[in-house]
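The next block holds one structure in the form of structure tokens; read it before the comments.
Model, not experiment: these values are computed from the prediction.
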Amino acid sequence: MSINLNQDDTAMREVLTQGKVIALVGYSNKPDRASYQVGQFLRNVGYRVYPVNPAFTEIYGQICYPNLTAIPEAIDIVNVFRRSEFLVEIVEEAIAVQAKTVWAQIGIFDQQATDMALTAGLNIAMNCCIKIEYNRLNILTHP
């Protein structure tokens, strides 16, 4: 069953506590960028974070993947730091790799992408920061 996480804190908490693998699309190699900071935060609290950005082969000593299909394990959450016009394409790729959730950061929203994700059985969060929500929901560090 797919859920719009923006409308359900209980489901959002469940996604964040049960998820282990996060693909961060649009990961930057610049420490002053939000995507870099959020990626580091997620790694520090225990998630396996895969940088996804075709412009780089490595970020912070970790292999950077060109797309979701190149990631070597199942993806729980696709965290998106790309402009809204890229969301439909990212959701299509998330569906193809059978990710469980697509999470678009603050300022990123597309209704067509939302509808596609929900129809395909993916959970969706739009226009909200995964780090802010993690802290707001008082989630403990991942094991």
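Taking every heavy atom of both residues into account, Ser35 and Gly26 meet most closely at OG-O, 3.3 Å.
Side-chain contact between Pro31 and Gln37: absent, with no pair of heavy atoms (C-beta onward) separated by less than 4.5 Å. Proximity of Val88 to Met116: side-chain heavy atoms (C-beta onward) are separated by under 4.5 Å at one or more points. The closest side-chain heavy-atom distance from Thr101 to Leu122 is not below 4.5 Å. The side-chain heavy atoms of Tyr65 and Pro72, taken from C-beta on, include a pair separated by under 4.5 Å. In this structure, the side chains of Tyr50 and Leu24 stay at 4.5 Å or more apart for every pair of heavy atoms. A heavy-atom distance below 4.5 Å is not found between the side chains of Val91 and Asp110. The shortest distance between side-chain heavy atoms of Ile108 and Ser84 falls below 4.5 Å.
Taking hydrophobic clusters as Ile, Leu, Val, Met, Phe, Trp and Tyr residues chained together by side-chain heavy-atom distances below 4.5 Å, Ile3 does not share a cluster with Ile95. In the hydrophobic cluster analysis, where Ile, Leu, Val, Met, Phe, Trp and Tyr join through side-chain heavy atoms closer than 4.5 angstrom, Val15 is grouped apart from Leu68. By the rule that hydrophobic residues join a cluster once side-chain heavy atoms approach within less than 4.5 Å of another member, Ile132 and Met126 end up as members of separate clusters. With hydrophobic clusters built from ILVMFWY side chains whose heavy atoms lie under 4.5 angstrom apart, Phe81 does not share a cluster with Val97. A chain of hydrophobic side-chain contacts below 4.5 Å, direct or via other Ile, Leu, Val, Met, Phe, Trp or Tyr residues, connects Trp103 to Val38.
Both tests do not hold together for Arg33 against Tyr36: distance to the six-membered ring centre under 6.0 Å, angle to the ring axis within 45°.
Formation of a donor-acceptor pair under 3.5 Å by the Asn53 side chain with backbone atoms of Tyr27 is found in this model. In this structure a side-chain-to-backbone donor-acceptor pair under 3.5 Å is present from Arg13 to Leu137. A donor-acceptor pair under 3.5 Å is absent between the side-chain atoms of Asn127 and the main chain of Ile106, judged by distance alone. Between the side chain of Thr17 and the main chain of Glu14, a donor-acceptor pair closer than 3.5 Å is present.
Applying the 6.0 Å contact sphere to CD of Gln98 captures no more than 12 heavy atoms from other residues, nucleotides or ligands.
The residue from Val102, Val52, Val25, Leu42 that alone fulfils the side-chain contact (heavy atoms from CB on, under 4.5 Å) condition with Asn79 is Leu42. For the side-chain contact (heavy atoms from CB on, under 4.5 Å) criterion with Leu16, the lone passing option out of Val45, Ile139, Ile22 is Ile139.
Sorted by first and then second residue, the salt bridge (Lys or Arg N to Asp or Glu O under 4.0 Å) pairs involving residues 43-72 (not counting sequence neighbours) are Arg48-Glu73. Among pairs with a residue in residues 100-109, those fulfilling salt bridge (Lys or Arg N to Asp or Glu O under 4.0 Å) read Asp76-Lys100, at least two apart in sequence or across chains.
Rounding to the nearest 0.5 Å places CZ of Phe56 at 5.5 Å from OG of Ser28. The structure places OG1 of Thr10 at 5.5 Å from CG of Asp8, a figure rounded to the nearest 0.5 Å. Interatomic distance, NZ of Lys20 versus CD1 of Ile75, reported as 15.5 Å (0.5 Å rounding). Atom CD1 in Ile77 sits 8.5 Å away from atom CG in Leu5 (nearest 0.5 Å). Once rounded to the nearest 0.5 Å, the distance linking SG of Cys128 with CG of Asn6 reads 4.5 Å. Taking CD1 of Ile59 as the start and CD of Gln40 as the end, the distance is 9.5 Å to the nearest 0.5 Å.
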**Message:** Before you tell me yes or no, could you show the steps for Leu118 and Ser2 under side-chain contact (heavy atoms from CB on, under 4.5 Å), namely the whole-Å CA-CA distance, both residues' side-chain angles and the distance that decides it to 0.1 Å?
**Reply:** CA-CA 5 Å; Leu118 292 171; Ser2 58; 3.8 Å; yes

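Considering only residues two or more places apart in sequence or on other chains, Arg136 meets the side-chain hydrogen bond (donor to acceptor under 3.5 Å, both in side chains) condition with Asp9, Glu133.
Side-chain polar atoms of Asp115 and Gln111 form a donor-acceptor pair below 3.5 angstrom.
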